[in-house]
Amino acid sequence: MLRYTLRRLLLMIPVLIGVTFLIFLLQSFTPGDPASLVLGNDAEEEEKYEWREKYDLNDPLIVQYVKYMSRVVRGDFGVSYRTNKNVTLTILERWPTTFLVAVLSVSISVFLGMMLGIIAALNRNNWVDSFARFLGMLGVSMPNFWFALLLIMTFALKLKILPVSGFYGPEYWILPTASLGILGAAGLLRITRSSVLDCINADYVRTARSKGQKEGKIVMHHILRNALIPIVTSIGGYIAAALGGTIIMEQIFAISGLGKMMITAINTSDYPLLRGSVLLIATTTSVINLIVDLIYAQIDPRVKAAFKNSIKVRRLSEKAASASES
């Protein structure tokens, strides 16, 4: 598995290069002049030209990209056009808040989605299953920003039991994380239900029941473990989606995180700050996908065995090829 992990880490490099190039490409189509936004429309053209020259904006796009990547490999992501602060330090100040919102939201989604999905599958075709499926359909059909506004109106404005904005303590975390987590649980509920139903009538489950094992043990050790692979895949996707969803939640709840900073960077054409933020999210998403693949091998031994067999087959083919050449 070490070789597989190293190979996946190497494959992340072209992915991140592609992300940065796409950012530069979209940047070239973005209207507006960063120099005018920073210096003001009343600034002289000579001042604007010198400012663009300072940040390499007078160069062709491909030259800008090469210069930027040459600095990135040295760990230099530049400085913000608007604040003139180091991009890396600015992002690291905001990143923990965004990551905390995403992790708490996904935790809510996993707990509620898996629990309701398992209950629905074990009570197939009765009122419990129908009610769970109704909740799942309602959740996936509802926009998260609209649900967030409903929570604010109910718990912050009407009942006045939770704060409406900010992120200063646990009581401030409830509404933004619930807005993402509860709706995320709806999709995971449907996936869990479908995956558990695929395993619930399998031969090994009937064999376990015929041996007299307790139903709880059958569910945990036989059904759920074999149903986990599509669920784990979905959880990895939900983490990546939650990182993007926090952009909206941070605007609604006035949270000083990475998402709110990215919106400001877009409005002010602060390209270095936007590039660094997108690159961090892309890197986090790639690492999460790698972790999900490694978890597969721990859940299902067949995945690990298939990987080991592929290595053996490749080695045998290499030996056969070298033997035929000699």
Side-chain angles (χ1 to χ4, degrees), residues 19 23 82 87 90-114 116 135-191 234-268 270 273-289:
V19 168
I23 296 171
R82 185 170 55 91
V87 168
T90 303
I91 291 175
L92 291 179
E93 290 175 359
R94 302 291 190 96
W95 175 244
T97 300
T98 298
F99 191 72
L100 178 61
V101 173
V103 170
L104 292 177
S105 302
V106 172
S107 300
I108 295 173
S109 298
V110 171
F111 176 75
L112 292 179
M114 290 187 63
L116 294 177
L135 291 179
M137 183 63 67
L138 183 64
V140 297
S141 304
M142 187 182 300
N144 55 12
F145 66 87
W146 186 73
F147 184 60
L149 294 176
L150 286 180
L151 293 181
I152 290 174
M153 292 171 59
T154 303
F155 295 100
L157 300 181
K158 188 176 182 179
L159 299 178
K160 296 182 180 180
I161 58 176
L162 292 173
V164 68
S165 62
F167 206 71
Y168 308 109
E171 67 273 16
Y172 292 86
W173 304 350
I174 297 174
L175 290 183
T177 56
S179 302
L180 287 172
I182 293 176
L183 295 188
L188 193 61
L189 182 157
R190 303 175 70 189
I191 295 171
S234 301
I235 293 173
Y238 278 119
I239 296 175
L243 291 172
T246 54
I247 295 176
I248 300 174
M249 292 301 110
E250 288 175 8
Q251 289 293 112
I252 294 175
F253 292 97
I255 299 173
S256 297
L258 192 66
K260 189 176 181 181
M261 185 185 68
M262 290 175 65
I263 296 296
T264 304
I266 292 172
N267 293 331
T268 59
D270 197 341
L273 201 56
L274 185 60
R275 293 171 200 152
S277 301
V278 174
L279 190 59
L280 176 60
I281 293 176
T283 303
T284 305
T285 303
S286 299
V287 172
I288 289 170
N289 289 331

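Two residues are said to be in side-chain contact when any heavy atoms from C-beta on lie closer than 4.5 Å; E93 and M261 fail this criterion. Side-chain contact between F167 and L100 is present, with heavy atoms from C-beta onward closer than 4.5 Å. No side-chain heavy atom of V87 sits under 4.5 Å from any side-chain heavy atom of R275. Contact of the N144 side chain with the L180 side chain is registered, since non-hydrogen atoms from C-beta on lie closer than 4.5 Å. Using a 4.5 Å heavy-atom threshold, the side chains of S105 and Y238 count as separate.
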Stepwise side-chain contact (heavy atoms from CB on, under 4.5 Å) check, L189 with L112
CA-CA 8 Å; L189 182 157; L112 292 179; over 6 Å; no

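Rounded to the nearest 0.5 angstrom, L280 CG and M262 CE are separated by 9.5 Å. Between I281 atom CD1 and I288 atom CD1 the span is 10.5 Å, to the nearest 0.5 Å. Between atom CD1 of residue I182 and atom CG of residue L138 there is a gap of 11.5 Å, rounded to the nearest 0.5 Å. Between S179 atom OG and L150 atom CG the span is 9.5 Å, to the nearest 0.5 Å. Separation of atoms CG (L273) and CZ (R82) is listed at 7.5 Å; rounding is to 0.5 Å. The distance from atom CD1 of I23 to atom CG of L279, rounded to the nearest 0.5 Å, is 6.5 Å.
By the side-chain contact (heavy atoms from CB on, under 4.5 Å) test, A282 pairs with L16, V19, sequence neighbours left out.
Closest approach of L188 and S109 over heavy atoms only: CD2-O, 3.5 Å. Heavy-atom minimum distance, A186 versus G136: CB-O, 3.6 Å. T177 approaches V101 most closely through the heavy-atom pair CG2-O, 3.9 Å.
Ring planes of W95 and F99: tilted class, angle from 30 to 60°.
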Distance-only check: which donor-acceptor pairs under 3.5 Å involve side-chain atoms of residues 242-260, not counting sequence neighbours?
{"unit_1": "T246", "atom_1": "OG1", "unit_2": "L243", "atom_2": "O", "d": "2.7"}
{"unit_1": "E250", "atom_1": "OE1", "unit_2": "L258", "atom_2": "N", "d": "3.4"}
{"unit_1": "E250", "atom_1": "OE1", "unit_2": "G259", "atom_2": "N", "d": "2.6"}
{"unit_1": "E250", "atom_1": "OE1", "unit_2": "K260", "atom_2": "N", "d": "2.7"}
{"unit_1": "E250", "atom_1": "OE2", "unit_2": "T98", "atom_2": "OG1", "d": "2.7"}

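Looking at N289, its side chain does come within 3.5 Å of a backbone N or O of T285 through a donor-acceptor pair.
For M142, the CE atom counts as densely surrounded, since its 6.0 Å shell holds more than 12 non-hydrogen atoms of other residues, nucleotides or ligands.
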